[in-house]
Enquirer: 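First the structure, then my questions, so here it is.
Here is how names work: the chains are called A, B, and so on, in the same order as the sequence lines, proteins then strands, and each is numbered from 1.
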Amino acid sequence: MPSLKSAAHAAEVLNLHLFEVESVAGDMIDVKVLPNRYSDAASYYGIAKLLAGVLGAAHKVPKVLPPKPVVSKAVPVSIKSPKLCRRMTARYFEEVVVADSPKWLAEFLREHGLRSINNVVDITNYVTLLTGEPLHAFDFDRMEGGRLIIRPAKPGETVETLDDRVFELDPSVLVLADASEALDVAGIKGGKKAEIKSGTKRILLTAGTFDGGAIYKTARKLNLHTDASQRFSHHLSPTLAEMGSNLAAKLIVELTQAKAGKMTDNYPSPRKGATIPLNIERFEAVSGIKISASRAKEYLRRLGFVVKGSAAIAPETRTDIQTEEDLFEEIVNVYGYEHLPATPPTVSLRPARREGQSALKLRARDILAALGLTEVYLYSFVSEENLNKMGGADWWGATKLKNPVSREFEYLRPSLSLNLIKAANHNLRFRDDARIFEIGTVFVRRNGALEEDLMLGFAFASKNENPVLELKAVVAEFLRSMNATDFGFYDLQFDLGFLREGAALEIRSGKERLGYIGVPKAADGGKVAIAELFLDKLSDRSASEPKYRELERFPAVVRDASFAAEKKIRIGDLAATAENAASEMLRSVNLLDVYEPKGGLFGGGKRSVTLRFIFRLPNRTLTDDEVNKELEKIVEALKAKFGVEVR
Amino acid sequence: MDIKGIRERALKDVAAADSAEAVEAARVKYLGRQSGELTGILRSLGELPIEERKKIGPEANALRAELEAAIKAKLGSLKSGGESLGVDITTPVAVSARGHLHPLTRVLRRVEDIFIGLGFSVVEGSEAESEHYNFDALNIPGDHPARDMWDTFWIEGGDDGERGNRTEKKTLLRTHTSPMQVRYMKRMKPPFQIIVPGRVFRFEATDASHEINFHQVEGLMVGERVSLANFKSVIEQFLNEFFGEKVKTRFRPSYFPFTEPSLEVDVEWKGKWLELMGAGMVHQNVLKAVGYDPKKVKGFAFGMGLERLAMIQYKIPDIRLFYSGDVRVTDQF
């Protein structure tokens, strides 16, 4: 093509106006033809035509005239399923000499990754590359009844394909058949029965058009994907069949000395390219490009459209052109995106913001980073093995994938904890502790319906002490920072099978369950603590901003008290009992120290617990005397309930 | 006047000083009020011809500032040996604990902030989707090979009954964030402009640039007058802002079933074209499917991979590192 300077130039024009170029090697350009353009562009002729159109180059369509029939034989073709086979051409040849291909042909095919078989088969493959039409030639002497039938396969009918595989078919599969049986899988793969071999004398060259959807489904069903099935499933135009047949016939006569018969063309309802009115104002509105109607029409003409008045008729090969927007795309592509103006949009000013979960996540992440945690992103999938370690798939309501990539990723994660524990332990290989969190979606089946929850998961791991208390403090501070009100840690009211009994608490705000914290049974070696919160349950609560409180004006009084308590007595219970026993004067109870020597205190079984009590009233200073009385009240209550002794 | 020579000697003297007294001696030698070498030069500036003064003045003044700084630093280093406070402030310390957000979070924030600045709101959608919203409503027919552009994970027990407005039978993990286009348009009246970030899934083999789960950011702008030229303007502003410089971009024709015209956007990164996003004008079949009149409203849509942006931004060589759960990755940020 005279307007093209080099392969690189062609590649650039292709990239900017037509299709992405995968690679350029020497004068070979590997073009990624778009899925809707197989009909007109997955061929040498097609690409040449488009390049010429884009460049505005004078371009001669290689008009191929078929050889004149020298024998009068024409083979009858009947199409039983005209919806699935839109067109079928069949051309008869005799006195064919099947032999090796000439060098140039074998070489050409080799460069395209195809094996040379014999001159007839090679010609059909060559013509496919040139025109985009898959063709198939049969040994006519092997065809019973001397006619071609395109019909649905009979139930259980089998075809042995050229690669020696046997396929059992059903009536959803279309076949090319002779009078007695199927010869191939239509549009997908040739059959053994009428294979062209050395010694073949008479051949029937076929080129047809099949319904793209049907070929797509059949190829998937049989798991039989070929170049032909690829092409046909992308909706080829019936025009290609004739073009392909003509070119192949010409080459067969030239290269095999065959005598051509007549072509039978069964084409029940010929396809026409779509006629679409071109409205240049609409084009400008959609593209933002201002060009004259005559220039737009000129672009279309270059691409082979016929322009009549204000309407454009698409070339018959353009199965993708159906709407006005399709025309617009053609015009834009020729015009070139490099010339597309960048015009700021006109919009009314309205607040733009993060909505819903997006805002919530932003806020949560900032708080968690401020608390010193490291964020991770983990897979949305878990293995059955991992689930089993943590209560099992049923317990979680975990959902399986129909087509997992591997056993490791078989289920949708029903909880963030599963992968977080793994990740926390992984990190212990490089450090003494890890404090990680993830925000993500989990999938749980509830009453049969698949539901998604937005969760916040924590995993703290350490080589030393189990970090569950540290995690508890972080969770509490996180909840406070999110303005959650009235939340607390409570004994579980239900079973969390994957957490260690007695080392698990539920986090509630009023009656609403916010999540849980605990030590998992399966911790894979390390000392791990986990917590999970329903992040989306925090959204409403966090809408309320904190309110200012009057600063404390009177001093607090601090008293520490140590108790000898049975080991089984929980510190949380001691604190709660103390709070219940005291008046509003008591502002807080905290653990100061636990002392637990080997063998225990006081003859074993006991430990020393030191609590710190802070007393304060908002309106006056407390006297020593009243604080002492208050503390005594508390101590009495603890003695009565837990049998503790003051040390 | 040999400013250079003075500089060399003075700095050497200060560096060699091993006591406060020695530093002071050096100071007096060069900057002393009476007989400092440099002081002398500064004092004599007024006597110089104007051209020479213009040249030497600034040099001498710069040297004075440099020497004063060097003397101050030297005195600091001589004093901090632990004598004064009982604390040696130069002792190496462990880095104080700071939390770290994942690189994808950081990149997403930048993307969101830029688009919010351009007037786009941020909304999100669900990760499990119906076949209808993921494909059919986006003009991707079931029997067209175009569907092979998205390798899909299907979920067992697909019949999920009524869930929101999901009445369809087959459930999958969304292969792109585009279903949210349809859901949002069904719910809202134009004009609007949004971005939809989110996790998406592809059934494919993993390698350095492919993962089975990754993130996309979808964009959608719909109104009575929205054009491809508007898209170009918005996206160029985004890219310039994101890459912090004037990046070279390239728009190429492409094909997506839910846009027409369709295109792809490449950016030039280190001498190579990198595919960054797919885009186009929302297909009229999609507009019709949500009850809009394509003659009245138009829109553009685009989608890009968040991991790719993060890989470019932070020079992360392998997409799988994002999902490794390894804090040594996140703690770098």
Side-chain angles (χ1 to χ4, degrees), chain A residues 15-18 20 34-36 213 216-217 233-234 285-288 323 325-326 328-329 332-333 337 340-347 352-355 357-358 365 368-380 399-403 405 423 426-427 430 434 436 441 443 449-450 452, chain B residues 97-102 104-105 112 116 119-124 126-128 143-146 149 153-157 160-161 163 171 191 193 199 203 212-213 221 223 225-230 232-234 236 251-255 260-261 263 281 284 298 322-323 325-328 330-331:
Chain A
N15 266 325
L16 293 179
H17 298 276
L18 294 160
E20 191 181 358
L34 293 166
N36 61 337
Y216 179 73
K217 278 190 215 157
S233 56
H234 285 83
V286 169
S287 66
T323 66
E325 284 79 5
D326 297 330
F328 295 167
E329 182 174 72
V332 171
N333 288 354
Y337 278 107
L340 175 69
T343 315
T346 322
V347 291
R353 61 170 92 88
R354 291 181 175 86
E355 292 176 8
Q357 292 194 339
S358 179
R365 284 179 167 131
L368 294 161
L371 288 169
L373 275 56
T374 294
E375 185 179 28
V376 293
Y377 279 41
L378 302 172
Y379 286 98
S380 295
T399 299
K400 218 174 177 172
L401 289 172
K402 280 183 186 161
N403 55 335
V405 282
H426 164 78
N427 283 298
F430 317 107
I436 57 176
T441 303
F443 304 83
L450 182 64
E452 283 175 38
Chain B
R98 161 175 79 88
H100 300 271
L101 293 179
H102 195 274
L104 290 175
T105 294
E112 287 178 350
I116 288 172
F120 286 65
S121 281
V122 183
V123 299
E124 296 192 8
S126 60
E127 294 177 6
D143 60 356
H144 195 280
M149 292 161 85
F153 280 117
W154 298 93
I155 295 173
E156 247 183 28
D160 284 317
R163 200 189 129 207
T171 311
Q193 51 278 340
R199 191 178 274 223
F203 174 81
I212 51 176
N213 49 211
M221 177 171 198
R225 292 191 300 162
V226 176
S227 71
L228 269 180
N230 295 156
K232 192 173 191 179
S233 164
V234 167
E236 281 185 353
F251 286 27
R252 282 187 289 110
S254 191
Y255 166 73
E260 186 76 28
L263 65 131
M281 298 298 288
Q284 51 173 338
K298 294 187 297 298
F322 291 116
Y323 299 93
D326 196 318
V327 299
R328 293 174 302 170
T330 308
D331 283 355

Enquirer: Based on non-hydrogen pairs under 4.5 Å, which of B:Asn213, B:Thr330, B:Val123 is most in contact with chain A?
Expert: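 The residue among B:Asn213, B:Thr330, B:Val123 with the greatest pair count is B:Asn213.
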
Enquirer: Counting heavy-atom pairs under 4.5 Å to chain A, which of B:Ile116, B:Thr105, B:Asp331 comes out on top?
Expert: B:Thr105

Enquirer: Can you tell me if B:Glu260 and A:Thr323 form a side-chain donor-acceptor pair at under 3.5 Å?
Expert: no

Enquirer: Measure the CZ-OG1 distance between B:Arg98 and A:Thr374 for me, rounded to the nearest 0.5 Å.
Expert: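 With rounding to 0.5 Å, CZ (B:Arg98) is 9.0 Å from OG1 (A:Thr374).
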
Enquirer: Measure B:Gln284 against the heavy atoms of chain A and call it side chain, backbone, both or neither at under 4.5 Å.
Expert: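 The side chain, not the backbone.
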
Enquirer: Which residue out of A:Thr346, A:Val376, A:Asp326 racks up the most heavy-atom pairs below 4.5 Å with chain B?
Expert: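 Highest number of heavy-atom pairs under 4.5 Å: A:Asp326.
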
Enquirer: Work out which heavy atom in A:Ala285 is nearest to a heavy atom in B:Lys298; give both atom names and the distance.
Expert: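 The pair with the smallest heavy-atom distance is O-CE, 3.4 Å.
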
Enquirer: Supply the atom-to-atom distance A:Leu378 CG to B:Tyr323 OH, rounded to the nearest 0.5 angstrom.
Expert: 10.0 Å

Enquirer: With rounding to the nearest 0.5 angstrom, report the CD to CD distance, B:Glu127 to A:Glu452.
Expert: 5.5 Å

Enquirer: Specify which of B:Glu236, B:Arg328, B:Gln193, B:Met221 makes the most heavy-atom pairs with chain A at under 4.5 Å.
Expert: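 Maximum pair count with chain A is reached by B:Arg328.
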
Enquirer: Count the heavy-atom pairs under 4.5 Å between each of B:Pro261, B:Pro253, B:Pro191, B:Ser254 and chain A, then report the option with the highest count.
Expert: B:Pro253

Enquirer: If you take all heavy atoms of B:Gly325 and A:Ala423, which pair is closest and at what distance?
Expert: O-CB, 4.0 Å

Enquirer: Relative to the ring of A:Tyr337, is the ring of B:Phe251 parallel (under 30°), tilted (30 to 60°) or perpendicular (over 60°)?
Expert: tilted

Enquirer: Just by distance, do the side chain of A:Glu375 and the backbone of B:Leu101 share a donor-acceptor pair under 3.5 Å?
Expert: no

Enquirer: Sort B:Phe153 into side chain, backbone, both or neither according to what part of it lies under 4.5 angstrom from a heavy atom of chain A.
Expert: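 B:Phe153 touches chain A through backbone and side-chain heavy atoms alike.
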
Enquirer: Check the pair A:Phe430 / B:Val327 against side chain to side chain contact (heavy atoms under 4.5 Å, CB included), numbers first and verdict last.
Expert: CA-CA 10 Å; A:Phe430 317 107; B:Val327 299; over 6 Å; no

Enquirer: Could you tell me whether the side chain of A:Asn427 and the main chain of B:Asp326 form a donor-acceptor pair under 3.5 Å?
Expert: no

Enquirer: I need the residue from A:Leu18, A:Leu371, A:Val332 with the largest number of non-hydrogen atom pairs under 4.5 Å to chain B.
Expert: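 Top count of heavy-atom pairs under 4.5 Å with chain B: A:Leu18.
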
Enquirer: If you tally heavy-atom pairs under 4.5 Å against chain B, which of A:Ala352, A:Ser233, A:Gly288 wins?
Expert: A:Ala352

Enquirer: Looking at A:Thr399, A:Val347, A:Leu368, which one has more heavy-atom pairs under 4.5 Å with chain B than the rest?
Expert: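 Top option by heavy-atom pairs under 4.5 Å: A:Val347.
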
Enquirer: Looking only at heavy atoms and a cut-off of under 4.5 Å, which of A:Phe443, A:Tyr377, A:Tyr379 has the most pairs with chain B?
Expert: A:Tyr377

Enquirer: For the pair A:Thr343 (side chain) and B:Asn230 (backbone), establish whether a donor and an acceptor sit closer than 3.5 Å, ignoring hydrogens and angles.
Expert: no

Enquirer: Less than 4.5 Å apart, any side-chain heavy atom of A:Pro345 and any of B:Val234?
Expert: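 Yes - at least one pair of side-chain heavy atoms lies under 4.5 Å apart.
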
Enquirer: Tell me whether A:Glu355 contacts the main-chain N or O of B:Ser121 through its side chain, where contact means a donor paired with an acceptor under 3.5 Å.
Expert: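 Side chain of A:Glu355 to backbone of B:Ser121: no pair is present.
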
Enquirer: So which part of B:Tyr255 gets closer than 4.5 Å to some heavy atom of chain A, the side chain, the backbone, both or neither?
Expert: both

Enquirer: Decide yes or no for B:Met281 and A:Glu325: does some side-chain heavy atom of the first lie under 4.5 Å from some side-chain heavy atom of the second?
Expert: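 The answer is no, as the side chains (C-beta and beyond) never meet within the 4.5 Å cut-off.
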
Enquirer: Going by atom types alone, do A:Ser380 and B:Arg199 pair a side-chain donor with an acceptor below 3.5 Å?
Expert: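 Present: a donor and an acceptor within the cut-off.
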
Enquirer: Return the option, out of A:His426, A:Arg353, A:Lys217, A:His17, with the maximum number of heavy-atom pairs under 4.5 Å with chain B.
Expert: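 Heavy-atom pair counts peak at A:Arg353.
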
